[in-house]
Q: 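Handing you a structure now.
Chain letters run A, B, ... following the sequence lines, proteins first and then strands; every chain starts at 1.
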Amino acid sequence: SQTIHQWPATLVQPVGSPLSLECTVEGTSNPNLYWYRQAAGRGLQLLFYSVGIGQISSEVPQNLSASRPQDRQFILSSKKLLLSDSGFYLCAWSVGWGEQFFGPGTRLTVL
Amino acid sequence: DQQVKQNSPSLSVQEGRISILNCDYTNSMFDYFLWYKKYPAEGPTFLISISSIKDKNEDGRFTVFLNKSAKHLSLHIVPSQPGDSAVYFCAASAFGNEKLTFGTGTRLTIIP
């Protein structure tokens, strides 16, 4: 069966510090991978998605970036965090289009 | 531009009664719709989906209805149980499009 892992589960970072969130998927090959953010009281905002290694599509211009160094690994990064980057970050995977399956999420607080 | 809208941010229902969650969309290209359930500090869990060739899909206590002419879908939960208390998101996509567009969610509270 397929599983998706995200770490860390929670993170508190000062403004201006770098960020690296990691997501890995097991039990499937060549998945589509997604990064979402849920800000407090808001819906799910798609940040990036990837249909293959090295292929990244950005949905929202911001100071975040994503990379996919391996087939089942997706990384969300920032060189300098802003207060507005606080939120709940979710990684998801799918096979083709349709249902997406989400990881447990990372709670990021920028102080 | 909010293409998928959930106009009720919250809903309270007595245990055992029917819960009805609503969702409206504006993009006529959407032809596949999904409902997700989310508990606090967890990732959303897929519940049920429906394609535009159908107007109803059932899975146990959960039924999704689609009214294409009104660009409206709803999720019915019968009977409602305390464990159903969560935030429910509807989502939509167009055929062959890898992306989902999510609504802002409705917080459902089941009152014992």
Side-chain angles (χ1 to χ4, degrees), chain A residues 1-11 21 23-25 30-52 55-60 68 74 86-109, chain B residues 1-10 21-27 29-54 57 59 62 64 86-108:
Chain A
S1 65
Q2 300 87 1
T3 56
I4 179 169
H5 304 278
Q6 282 187 249
W7 63 91
T10 61
L11 190 60
L21 303 181
C23 170
T24 59
V25 180
N30 197 30
N32 294 335
L33 296 173
Y34 307 84
W35 278 112
Y36 289 87
R37 177 172 60 204
Q38 184 185 17
R42 305 280 300 274
L44 298 176
Q45 181 185 34
L46 178 64
L47 302 175
F48 301 94
Y49 72 97
S50 170
V51 299
Q55 301 178 60
I56 309 294
S57 296
S58 174
E59 290 296 298
V60 181
R68 184 171 178 173
F74 207 21
S86 292
F88 192 55
Y89 287 82
L90 290 156
C91 181
W93 69 273
S94 71
V95 176
W97 66 280
E99 292 88 358
Q100 294 178 14
F101 302 94
F102 286 81
T106 295
R107 170 72 60 194
L108 172 66
T109 303
Chain B
D1 176 28
Q2 193 72 26
Q3 297 185 67
V4 178
K5 301 178 184 179
Q6 294 177 256
N7 293 318
S8 298
S10 63
L21 298 106
N22 294 303
C23 180
D24 297 293
Y25 62 97
T26 58
N27 189 337
M29 297 298 291
F30 288 151
D31 56 8
Y32 190 68
F33 305 90
L34 309 90
W35 283 96
Y36 284 83
K37 174 182 179 180
K38 185 182 182 301
Y39 293 120
E42 294 184 10
T45 303
F46 169 71
L47 272 178
I48 192 169
S49 62
I50 189 168
S51 73
S52 59
I53 62 172
K54 301 174 75 172
N57 188 27
D59 184 1
F62 302 92
V64 57
V87 176
Y88 289 78
F89 292 97
C90 68
S93 74
F95 179 80
N97 191 324
E98 300 90 356
K99 298 185 292 184
L100 296 179
T101 301
F102 282 85
T104 51
T106 296
R107 180 176 303 279
L108 175 64

Q: Would A:Asn32 and B:Glu98 count as having a side-chain donor-acceptor pair, cut-off 3.5 Å?
A: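 Per modelled atom types, A:Asn32 and B:Glu98 side chains form no pair under 3.5 Å.
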
Q: Distance from B:Thr101 atom OG1 to B:Gln3 atom CD, nearest 0.5 Å?
A: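 With rounding to 0.5 Å, OG1 (B:Thr101) is 5.5 Å from CD (B:Gln3).
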
Q: Of the backbone (N, CA, C, O) and the side chain (C-beta and beyond), which part of B:Ala94 lies under 4.5 Å from a heavy atom of chain A, both, or neither?
A: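 Looking at B:Ala94, just its backbone touches chain A.
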
Q: Return the OG to CG distance between A:Ser50 and A:Leu33, rounded to the nearest 0.5 Å.
A: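 Interatomic distance, A:Ser50 OG to A:Leu33 CG, rounded to 0.5 Å: 6.0 Å.
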
Q: Pick whichever of B:Asn97, B:Leu100, B:Leu34 has the most heavy-atom pairs under 4.5 Å with chain A.
A: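 Ranked by heavy-atom pairs under 4.5 Å with chain A, first place is B:Leu100.
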
Q: Need one label for B:Lys38: side chain, backbone, both or neither, based on atoms under 4.5 Å from any heavy atom in chain A.
A: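 Just its side chain gets close to chain A.
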
Q: May I ask you to name which of B:Ser51, B:Ala41, B:Pro9 has the most heavy-atom pairs under 4.5 Å with chain A?
A: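 Looking at each of B:Ser51, B:Ala41, B:Pro9 in turn, B:Ala41 comes out on top.
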
Q: So what's closer than 4.5 Å to chain B heavy atoms on A:Leu44: side chain, backbone, both or neither?
A: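 Both backbone and side chain.
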
Q: Say you draw a straight line from CD of A:Gln100 to CZ of B:Phe102; how long is it, rounded to the nearest 0.5 Å?
A: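 Going from the CD atom of A:Gln100 to the CZ atom of B:Phe102 covers 5.5 Å.
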
Q: When only pairs under 4.5 Å are counted, which of A:Gly98, A:Ala92, A:Gly96 shares the most heavy-atom pairs with chain B?
A: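 Looking at each option in turn, the highest pair count goes to A:Gly98.
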
Q: Does a donor on one side chain and an acceptor on the other come within less than 3.5 Å for A:Glu99 and B:Tyr36?
A: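 B:Tyr36 and A:Glu99 do not have a side-chain donor-acceptor pair below 3.5 Å.
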
